[in-house]
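Have a look at the structure below before the remarks.
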Amino acid sequence: MQPRSQHEIRPVFCTIVPPHILDKLSQSDDPALADPARRTLEADAARRTRRQVTTVVRSTVAPEPEADRSGKPDRTIYDCRHRTHLPGTKVRAEGEGPTSDASVNRAYAGLGATFDLLLSAYGRRSIDGEGLPLIGSVHYDEKYNNAFFDGEQMVFGDGDGEIFLDFTVAIDVIAHELAHGLTQYTANLNYYGQSGALNESVSDVFGSLVKQYSLAQTAEQADWLIGAGLLAPRVQGVALRSMKAPGTAYDDDVLGKDPQPASMDDYIHTADDNGGVHLNSGIPNRAFYLLATALGGSSWERAGQLWFDVLTGGELAVDADFASFARLTVAAARSRFGEGDEVEAVLKAWSEVGVPTA
Ligand SMILES: [Zn+2]
């Protein structure tokens, strides 16, 4: 049997815009809306099958090294110039000043903010804990309606301008994608069914935390949206997802209505979208929102710490369901804060979304 520390890791290929949204768009009668969506779907499907599976060594079993909070990020931004060859032309290296291209500067800042939160709040140096360089490519393809992390780097499209805008505008989208790297290097949750929805939810949680941290917002001040600012003005909607009120992010003639459930009562059983990973993630997302707002203050401090503890603690199974993740958050609250308000708040949050903790 393979020792756990040599566990093979298959990177998740997550695109921030889930297939169900692009499917809906591709059915539009208006070619200006349908064509870019169809091209994006085809490109993503090809990349999923073509993508090389890289192997990295899982290191959660080894004791965490002494936290080194003095690290600096190592970022490089490339410009694809509307082609699909990666990474493209190098346009900004670590420590260099801003360029005249706002997409380049936003990507650079977003990678930096994610690095900063992991380091300052949790003492983790980059997503692998060992200072992994962060690479981003902007202006990928033409009218590409997505952004993704391919296991090695971030890639951003410009959007079609009709439905989606430049994907570098949302810092939580950048952090969401990098958080897939964090999960890949730690709990490595299987990207299917409930463990896949947890994988998605963890990325939304850290995506939102990076945004809140960079804006110095409290739980009460945060919008708890994922991808705010990404939808073009014509779209009836505010974002791709809402952690506060899953199912309410958009309701639009072309996009349809946000299908996310907010509790186990409305859990969606489907084979699409890897068993609904972008749908049922609304349930643990709302549990985190309820916990963070119940505790108040900076969400990354207590609520975020508990999620980070579970993700990196080595106890979370790769095929964990919502209930086992929930039980580990209760255990993490007991171990970090003792019996008290935090444990009570964690129990209440899961209970409100219908996930059992007993
Ligand atoms: Zn994702």
Side-chain angles (χ1 to χ4, degrees), residues 109-110 113-124 170-179 182-183 197-198 200-230 238-249 258 260-263 281-312 322 325-326 328-355 357:
T114 307
F115 184 95
D116 285 349
L117 174 74
L118 289 177
L119 186 66
S120 66
Y122 312 119
R124 187 175 179 90
I171 194 170
D172 49 337
V173 163
I174 302 177
H176 170 107
E177 292 298 336
L178 284 179
L182 173 64
T183 298
L198 285 168
E200 268 307 308
S201 176
V202 162
S203 271
D204 279 350
V205 163
F206 286 98
S208 183
L209 290 179
V210 167
K211 179 174 172 180
Q212 293 176 38
Y213 175 79
S214 69
L215 296 172
Q217 288 177 329
T218 63
E220 296 74 22
Q221 292 165 337
D223 62 15
W224 295 98
L225 297 169
I226 300 298
L230 208 54
V238 289
L240 292 174
R241 290 185 285 279
S242 168
M243 300 179 69
K244 177 180 186 168
T248 68
D258 177 0
Q260 280 210 314
S263 83
S281 55
I283 298 166
N285 273 359
R286 185 159 155 261
F288 184 84
Y289 157 79
L290 290 168
L291 171 65
T293 46
L295 295 176
S298 303
S299 307
W300 59 88
E301 287 179 357
R302 286 184 290 170
Q305 181 71 62
L306 295 179
W307 258 237
F308 184 84
D309 286 350
V310 171
L311 197 65
T312 58
F322 290 176
F325 185 91
L328 287 172
T329 62
V330 177
R334 278 209 177 93
S335 121
R336 197 167 269 280
F337 303 113
E339 209 64 53
D341 294 350
E342 291 87 357
V343 173
E344 281 306 305
V346 172
L347 290 168
K348 188 156 182 286
W350 288 113
S351 159
E352 280 191 47
V353 301
V355 173
T357 43

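What's counted below: heavy atoms across the whole structure, side chains too, no hydrogens, waters or symmetry copies.
In this structure a side-chain-to-backbone donor-acceptor pair under 3.5 Å is missing from Ser351 to Leu347. Listed for the Asp172 side chain is no donor-acceptor partner under 3.5 Å among the backbone atoms of Ser208. Within the 3.5 Å criterion, the main-chain N or O of His176 finds a donor-acceptor partner in the side chain of Ser203. Although no hydrogens or angles enter the test, the distance criterion places a donor-acceptor pair under 3.5 Å between the side chain of Thr248 and the main chain of Ala245. In terms of modelled atom types and a separation under 3.5 Å, the side chain of Glu177 and the main chain of Ile174 share no donor-acceptor contact.
The nearest pair of heavy atoms linking Leu306 to Leu291 is CD1-CD2, 4.4 Å. Pairing each heavy atom of Pro246 with each of Asp258, the nearest pair is C-OD2, 4.3 Å. Closest heavy-atom contact between Val310 and Ala332: CG2-CB, 4.1 Å. Annotation for Ile171 and Ser214: closest pair CD1-OG, 3.8 Å, computed over non-hydrogen atoms. For the pair Thr357 and Ala326, the tightest heavy-atom approach, listed with the atom from each and the gap, is CG2-CB, 3.8 Å.
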Trp307/Phe325 under ring-ring contact (aromatic ring centres under 6.0 Å, His included): CA gap, chis, key distance, verdict
CA-CA 9 Å; Trp307 258 237; Phe325 185 91; 5.6 Å; yes
Apply salt bridge (Lys or Arg N to Asp or Glu O under 4.0 Å) to Asp309 and Arg336, showing your working.
CA-CA 9 Å; Asp309 286 350; Arg336 197 167 269 280; 2.5 Å; yes
Residue pair Arg124, Thr312: steps toward the side-chain contact (heavy atoms from CB on, under 4.5 Å) verdict:
CA-CA 10 Å; Arg124 187 175 179 90; Thr312 58; 4.3 Å; yes
I would like to know whether Glu342 and Leu295 meet side-chain contact (heavy atoms from CB on, under 4.5 Å); could you show each step before the answer?
CA-CA 7 Å; Glu342 291 87 357; Leu295 295 176; 4.1 Å; yes
Please report the C-alpha distance between Leu311 and Val202 in whole Å, then the side-chain angles of each, then the deciding distance to 0.1 Å, and finally whether the side-chain contact (heavy atoms from CB on, under 4.5 Å) criterion is met.
CA-CA 8 Å; Leu311 197 65; Val202 162; 3.8 Å; yes
Between Ser242 and Trp224, is the side-chain contact (heavy atoms from CB on, under 4.5 Å) condition met? List the steps.
CA-CA 6 Å; Ser242 168; Trp224 295 98; 5.6 Å; no
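Using a 4.5 Å cut-off on side-chain heavy atoms (C-beta onward), Arg241 and Leu225 make no contact. Between Leu209 and Phe206, the closest side-chain pair of non-hydrogen atoms falls below 4.5 Å. Side-chain contact between Leu198 and Phe322 is present, with heavy atoms from C-beta onward closer than 4.5 Å.
For Ser201 and Asn285, the side-chain atoms include at least one donor-acceptor pair closer than 3.5 Å.
Lys211 has a carboxylate O that lies under 4.0 Å from a charged side-chain N of Asp223, or vice versa, which qualifies the two as a salt bridge. Between Lys348 and Glu352 a salt bridge is recorded (basic side-chain N to carboxylate O distance below 4.0 Å).
Screening Val343, Val346, Thr329 for a side chain to side chain contact (heavy atoms under 4.5 Å, CB included) involving Arg334 leaves a single residue, Val343. With respect to Ser281, the side-chain hydrogen bond (donor to acceptor under 3.5 Å, both in side chains) criterion is satisfied by exactly one of Glu200, Arg286, Gln260: Gln260.
Note on residues 288-301: pairs passing side-chain hydrogen bond (donor to acceptor under 3.5 Å, both in side chains), not counting sequence neighbours, are Gln212-Ser299.
In this structure, CH2 in Trp350 is found 10.0 Å from CG in Leu290, a value given to the nearest 0.5 Å.
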